[in-house]
**Student:** 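Here it is: the structure, laid out below.
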Amino acid sequence: LLFLNQLQKDLEEVKELLTKATRKRLRDVLTTEKHKLEIEIKNQPPAKLKGDAGEEEKSSLGGYTVKINNYGWDQSDKFIKIYISLNGVQKLPAENVQVNFTERSFDLLVKNLNGKNYTMTFNNLLKHISVEGSSRKIKTDMVLVMCRKKQEEKWDCLTQVEKESKEKEKAAYDTSDPGEGLMNLLKKMYTEGDDEMKRTINKAWVESREKQSKGDIPMDI
């Protein structure tokens, strides 16, 4: 789901830059990227509902261990709350639902739920939590993990990795200069693109430089 959201954001950015680009070669590059993104979004598998199991793996605990990939989260002044849907979890003995906390992480283990074990791990939480003040609650078809904040402040996301990803994206595209935003996108497209994409961008760059040197056009990329 996170990857799909990134693709959709990239597509929106490309569409926006298309409205600002005036050079035909650049418009061709952006149009090509737009079509690729649209196809990639179309080919993404449908989003799983909360509680859908992730990849199953053989477990040393016996049976299969399923990595939980889907969850919901919310926060209050004092707690970060992570909601994990697991059908029938309330029927298990309480000791079968274990959560281990550190100051920057937690991992959940649910043993022998319908013949399978379920795990979820969060490392590098955005901020420190209180191990002693954190806990888990078992509700109907749901486990609620309560991470007690060390400081009563709002979290913008759950992990440091998410924060760094958002900052990189903002640094690349959050600019008041459309030309700079276009250049940043082209650099990203060149770095991540295939050989054909790189050839197209190189050709556009060379032709633009040649025209500039002749005084035909101002440098716009």
Side-chain angles (χ1 to χ4, degrees), residues 1-55 67-76 80-85 104-105 120-127 145 147 153-205 208 219-221:
L1 182 59
L2 180 60
F3 181 64
L4 179 59
N5 288 339
Q6 292 298 325
L7 289 176
Q8 290 170 338
K9 288 181 180 179
D10 288 347
L11 179 59
E12 292 171 3
E13 185 74 21
V14 169
K15 287 180 178 179
E16 181 180 351
L17 290 170
L18 261 172
T19 65
K20 299 174 182 177
T22 57
R23 304 296 305 146
K24 181 180 182 303
R25 187 64 65 178
L26 291 179
R27 289 185 61 82
D28 289 345
V29 172
L30 291 168
T31 301
T32 299
E33 182 68 8
K34 174 175 171 288
H35 290 160
K36 286 174 63 177
L37 287 167
E38 287 172 342
I39 293 171
E40 196 167 356
I41 290 171
K42 184 178 179 181
N43 290 337
Q44 287 297 304
K48 296 180 180 179
L49 297 175
K50 291 179 183 177
D52 282 350
E55 180 183 356
K67 291 182 179 179
I68 302 170
N69 296 322
N70 297 279
Y71 60 91
W73 76 283
D74 195 3
Q75 62 182 307
S76 64
I80 292 291
K81 307 171 187 178
I82 296 92
Y83 302 88
I84 302 104
S85 297
R104 290 290 297 278
S105 72
M120 169 179 273
T121 300
F122 270 90
N123 293 315
N124 296 315
L125 290 171
L126 183 64
K127 301 178 184 294
V145 178
C147 297
E153 55 186 329
K154 181 180 178 182
W155 291 24
D156 295 327
C157 50
L158 279 179
T159 65
Q160 184 68 27
V161 172
E162 288 180 59
K163 179 184 177 183
E164 291 172 358
S165 176
K166 288 182 179 180
E167 287 177 348
K168 287 180 181 179
E169 184 176 336
K170 183 177 180 181
Y173 301 132
D174 187 11
T175 172
S176 59
D177 183 354
E180 184 179 347
L182 180 60
M183 176 61 79
N184 288 333
L185 179 63
L186 287 173
K187 288 178 180 178
K188 178 177 182 293
M189 290 163 59
Y190 186 87
T191 301
E192 300 177 0
D194 54 21
D195 291 342
E196 181 180 356
M197 176 61 69
K198 290 178 179 179
R199 284 195 297 269
T200 302
I201 293 174
N202 277 333
K203 187 176 181 181
W205 174 261
S208 179
M219 188 62 181
D220 59 356
I221 63 168

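Worth saying up front: this structure is predicted, and the values here are computed from it rather than measured. Residue numbers run from 1 in the order of the sequence given.
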**Student:** Testing the basics here: between Lys127 and Glu153, what is the closest heavy-atom pair and its distance to 0.1 Å?
**Tutor:** CD-OE2, 3.5 Å
**Student:** Taking atom CD of Glu12 and atom NZ of Lys9, what is their separation to the nearest 0.5 Å?
**Tutor:** 8.5 Å
**Student:** Begin from the C-alpha positions of Phe122 and Trp73 and carry the test side-chain contact (heavy atoms from CB on, under 4.5 Å) through to its verdict.
**Tutor:** CA-CA 13 Å; Phe122 270 90; Trp73 76 283; over 6 Å; no
**Student:** May I have the step-by-step check of side-chain contact (heavy atoms from CB on, under 4.5 Å) for Leu30 and Lys34, ending in yes or no?
**Tutor:** CA-CA 6 Å; Leu30 291 168; Lys34 174 175 171 288; over 6 Å; no
**Student:** Report the residues that fulfil salt bridge (charged side-chain N to carboxylate O under 4.0 Å, His left out) with Glu16, sequence neighbours left out, ordered by chain and then residue number.
**Tutor:** Lys20
**Student:** Drop me the distance from Arg104's CZ to Asn124's CG, to the nearest 0.5 angstrom.
**Tutor:** 6.0 Å
**Student:** Specify the closest pair of heavy atoms between Asn123 and Thr159, including all atoms of both residues, with the distance to one decimal.
**Tutor:** O-CG2, 3.8 Å
**Student:** Look up atom CD in Glu162 and atom CG in Leu125, then write down how far apart they are to the nearest 0.5 Å.
**Tutor:** 10.0 Å
**Student:** Under the side-chain hydrogen bond (donor to acceptor under 3.5 Å, both in side chains) rule, collect the residues that match up with Thr121, sequence neighbours excluded.
**Tutor:** none
**Student:** Might you point out which heavy atoms bring Asn70 and Met120 nearest each other, and give the distance in Å?
**Tutor:** O-CE, 4.1 Å
**Student:** Rounded to the nearest 0.5 Å, what's the gap from OG1 on Thr32 to NZ on Lys36? Could you check?
**Tutor:** 8.5 Å
**Student:** Nearest 0.5 Å, what's the CG-CZ distance between Leu17 and Arg27?
**Tutor:** 11.0 Å
**Student:** Go through the structure and list residues passing salt bridge (charged side-chain N to carboxylate O under 4.0 Å, His left out) with Lys154, not counting sequence neighbours.
**Tutor:** none
**Student:** To the nearest 0.5 Å, what is the distance between CD1 (Ile82) and CD1 (Ile68)?
**Tutor:** 12.0 Å
